[in-house]
Amino acid sequence: MSTGKILLGVLAGAAAGAALGILLAPDKGSVTRKKIIEKADDFVDELQKNISDSLKTVTDKVEDVTDGVNDWVDIGKSKVEDGYNQFKNSDHHDKILTKSDLRL
């Protein structure tokens with residue numbers, strides 16, 4: 001089971017428990033409604049914080065992967081340029097056939 005599903009289950013269970021506790025408490029209706037609103041606000045704030053934290057984690061991981069890919073691209077470009085320069089400076093570069101040599 002993924003961490004996100006576990007977190008969502010825990011948050012939903014906490015919200016349901018808090019709501020039931022408030023609804024079963026022997027308070028006046030106006031007090032109970034006020035408590036429900038406060039708990040709902042707390043729940044929304046906690047959910048927003050968790051979503052924000054998760055989004056930051058995902059963003060950081062995407063940046064790490066992007067940096068890694070860019071590093072590999074730079075290494076590949078460097079190797080191709082090195083190979084081309086070695087070939088250009090070798091005795092073999094003048095033996096390459098061009099398109100006009102093939103006379104298609």
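This structure is a prediction, so every number in the text was calculated from the model and none was measured.
Residues that satisfy the side chain to side chain donor-acceptor pair (under 3.5 Å) test with Asp42, not counting sequence neighbours, are absent from this structure. When the side chain to side chain donor-acceptor pair (under 3.5 Å) test is applied to Lys49, the partners found at least two apart in sequence or on another chain are Asp53. Take Glu38 and apply the side chain to side chain contact (heavy atoms under 4.5 Å, CB included) test, not counting sequence neighbours, and it matches Lys34. Partners of Val69 under the side chain to side chain contact (heavy atoms under 4.5 Å, CB included) rule, at least two apart in sequence or in another chain, are Val65, Val73. Under the rule for a side chain to side chain contact (heavy atoms under 4.5 Å, CB included), the partners of Tyr84 that lie at least two apart in sequence or sit in another chain are Lys88.
Between the NZ atom of Lys77 and the CH2 atom of Trp72 there is a distance of 16.0 Å, given to the nearest 0.5 Å.
Within the structure, every pair that satisfies the side-chain hydrogen bond (donor to acceptor under 3.5 Å, both in side chains) test and touches residues 59-71, not counting sequence neighbours, is listed here: Lys56-Asp60.
Applying the side chain to side chain contact (heavy atoms under 4.5 Å, CB included) test between Leu47 and each of Val44, Ile51, Asp45 identifies Ile51 as the sole match.
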